[in-house]
Amino acid sequence: MENITTNFLHDIIDKDLEKKPNLAIQTRFPPEPNGYLHIGHAKAILINYLIAKKYNGTFNLRMDDTNPTKEDIEYVKSIKKDVEWIIGESLDDHLYYASDYFDKCYEYALKLIRDGHAFVCDLSADQLRNYRGTLTEVGKDSPYKNRTVDENMKLFVGMMNGEFLDGSKTLRAKINMESPNIVLRDPVLYRIMRATHHNTGDKWCIYPMYDYAHPIQDALEGVSHSLCSLEFKNNRPLYEWVLNKLGYGEFPKQREFARLNISYTLTSKRKLLKLVEKKIVDGWDDPRMTTLSGMRRRGYTASSILSFIEEIGVAKSHSVVDIAQFEHSIRNELNFEANRIMTVLDPLKVVITNYPDDKEEFFDVLLNPNHPDRGTRILPFSKEIYIERSDFMIEPARKYFRLFPGNEVRLIKAYFIKCHDYKVDSNGKVTEVHCTYDDASKGGQSPDGRKVKGTIHWVSIKHAHTCQVNLYDRLFTKENPSAIDEGETILDNVNSDSLIILSNAKVEPYLKEALPNDRFQFMRNGYFICDQESKPGKPVFNRIVALRDSWAKKSKG
RNA sequence: UGGGAUGUAGCCAAGUCGGUAAGGCACAGGGUUUUGAUCCCUGCAUGCGUAGGUUCGAGUCCUGCCAUCCCAGCCA
């Protein structure tokens, strides 16, 4: 695939390559396995992956598992699966763990101590906070900063050997307590934490901090460009400090880009977790979730996510992308790819009074006009059919050109029908519509050149199957779900109509054989996927996204 | 308030040496259409956060100001 899109990261790499033509480009995606990946991560994954591709380099997945109290093996599994899904490649040979480098991190810590760049500090967490100062006030040196190298060595080895209580000591860098950048005020490098690690078990009771471990991992793996989101900008000097003090003359270049926000959605692991815990949604892979697993179940394709990410570009400004831009990507792909089928979501019975009682017809209809090679399906027709309830009005609205008394419409691929009667129940609800058909209009065209303005979909009652269809919509009612009013929570912004379950949808017989993950365009309704949990012969369909609907807009406005 | 970053249309986003504002989404109008879909045309920033300055010429250079975001975890 030709990729003409470029961004400031490519410019940086191009310049580096000018200086060092033999530089091997290597990137990585380093998630912490403490939750499921979401659409925001897809951007980070693809930025890194596409750069590696573009420059014929290497892309690795690395679990940033330096804090066993927050991490879980369940998450490492889901993360690997999601990343592989997004990039469409196996990562079996490109999977690393921060914990692979614990020994090396420890050795390097010894070196820092030996070289006088780190010390063991006895300050408690509270005390440390006080010593650190604030945004406007500088901090103060720890009273333990002047311990001798020997003393620091002995104490740090003691920390590692489990001689001290959790939280009683830390290893800290000696940088500058008066730095305006708080990150550089003698940051903690190691903490004592007795927790079983998913990889290293109980081998360690001290664990390195992100700021210390991350540059080491990058350097050891051979990463050339360490790309991360903007909030790590302040940490860059520390990243470079660590590698400098460790004696790396040349080392990976950290650069930052803006993370992705999309209107009406959440891109925060913490907030997403809350939706799961509060049972607002049915798990991490609920189709309404913007987790990658949720979007996969919803029916979004990895390729549509890729094209979305390419379309929005990469920059450093804080932005919120319109959800419409995202929906465009999947519609655009499925418009071309998805086979077309007729499905009546909210059925209304139509009797064609002049059609012979027992007659049946079977039309041969193309599955997808964009792909004639895919062949046809058999579409049965008979005297009684279902149409969409919204396709009939007793008293038509202005410019309504569907079915109403006296009006003629086309049934897709079948006949022209004209309404001459209808029945209502005691509540005034229409129960049945009576029409006549024009035998000469078979196939949907009249030989006399007569035009109809409306064309509607339908399903033969006699041949219909009944299915469950889940209509998904955006999960939040607010453009920014995190913007909450006084006394409210994010949960108050949840869209109560985000899932509408239709248990009485009528589908063409062809659909009975649908397989999990098959995608279709339900004509005039939208794009749907056969749910991954569907039982054979009993497909359940999820709405991926509705079709654009200028009539709905017009009739509302 | 100290430090760091960002501000180009309703939303993203290009804009290398200063030379007269790409593209996509959305929206509006028109055409085609057996999906009010798709597709095809057309329109959509005398202006680039703002006020000055330099220059023949400034989104691009200089100065001041404003707004938004990030940082005070032994989280990442």
Side-chain angles (χ1 to χ4, degrees), chain A residues 5-7 11 30-32 34 64 66-67 69-71 98 121 123-125 128-130 132-139 166-172 179-185 187-193 206-207 209-211 213-214 228-237 256 258 260 262-263 269 308 310-329 331-332 335-336 340 342 369-370 399-402 410-414 416 441 443-445 452-457 479 521-526 546-555:
Chain A
T5 63
T6 166
N7 59 51
D11 295 342
E32 182 185 18
N34 67 344
D64 212 338
T66 55
N67 185 351
T69 63
K70 299 197 170 180
E71 295 145 10
C121 181
L123 254 24
S124 71
L128 178 53
R129 187 159 44 248
N130 291 329
R132 186 157 33 225
T134 67
L135 295 179
T136 51
E137 300 160 58
V138 298
D166 282 15
S168 62
K169 284 183 171 37
T170 55
L171 182 72
R172 291 223 270 155
S179 171
N181 181 354
I182 294 178
V183 170
L184 296 179
R185 315 242 259 232
V188 172
L189 268 22
Y190 263 96
R191 74 282 218 190
I192 304 173
M193 183 188 271
I206 57 171
Y207 290 95
M209 299 289 289
Y210 164 86
D211 280 319
H214 204 84
C228 59
S229 48
L230 247 26
E231 63 263 37
F232 289 99
K233 184 67 209 281
N234 292 334
N235 303 54
R236 188 152 111 196
E256 309 81 14
L260 171 64
I262 302 181
S263 60
K269 277 189 209 168
F308 168 70
E310 286 185 320
E311 280 164 15
I312 60 173
V314 181
K316 298 212 277 188
S317 57
H318 317 282
S319 57
V320 181
V321 178
D322 191 336
I323 182 98
Q325 178 110 32
F326 181 64
E327 292 177 342
H328 163 78
S329 301
R331 282 199 191 104
N332 195 39
N335 172 53
F336 184 70
R340 268 123 246 238
M342 291 194 284
N370 298 316
K399 291 217 172 175
Y400 183 83
F401 43 79
R402 275 110 96 149
R410 169 170 35 234
L411 296 175
I412 291 176
K413 295 292 173 188
F416 284 6
S441 64
Q445 272 172 309
V452 291
K453 290 200 80 173
T455 300
I456 64 175
H457 59 281
E479 214 171 294
Q521 184 199 93
F522 288 179
M523 294 182 85
R524 301 209 307 135
N525 270 322
L547 253 30
R548 285 182 64 200
D549 189 350
S550 58
W551 166 249
K553 272 177 208 154
K554 205 183 298 177
S555 56

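Note that the structure is predicted; figures quoted are calculated from it, not measured. Convention: sequence-line order gives letters A, B, ...; per-chain numbering from 1.
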Student: Roughly how many Å apart are B:C75 and B:G64, using the P atom of each and rounding to a whole number?
Tutor: 40 Å
Student: Check every strand shown and say whether A:V138 touches a base, only sugar-phosphate, or nothing at a heavy-atom separation below 4.0 Å.
Tutor: nothing
Student: Tell me what A:M193 touches on the nucleic acid: a base, only sugar-phosphate, or nothing, going by heavy atoms under 4.0 Å.
Tutor: sugar-phosphate
Student: In whole angstrom, give me the gap between the C1' atoms of B:C41 and B:U32.
Tutor: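 That atom pair is separated by 11 Å.
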Student: Distance check, C1' atoms only: B:G4 and B:U8, in whole angstrom units.
Tutor: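 Rounded to whole Å, the distance is 23 Å.
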Student: Expressed as a whole number of angstroms, how long is the span from A:Y400:OH to B:G36:P?
Tutor: 11 Å
Student: Taking B:U60 as the reference, what is the distance to B:U35 when you measure between their C1' atoms (whole Å, please)?
Tutor: 48 Å
Student: Should the side chain of A:E311 and the base of B:G23 be counted as holding a donor-acceptor pair, with the cut-off at 3.5 Å?
Tutor: no
Student: Classify the ring geometry of A:F326 against A:F308: parallel below 30°, tilted from 30° to 60°, perpendicular beyond 60°.
Tutor: perpendicular
Student: Between B:G10, B:G2, B:C74, which one does the side chain of A:P180 approach most closely?
Tutor: B:G2
Student: What distance, rounded to whole Å, do you find between the two C1' atoms, one in B:C27 and one in B:G57?
Tutor: 35 Å
Student: Measure the distance from CD on A:Q521 to P on B:G36 and round it to the nearest whole Å.
Tutor: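 Taking atom P of B:G36 as the reference, CD of A:Q521 is at 10 Å.
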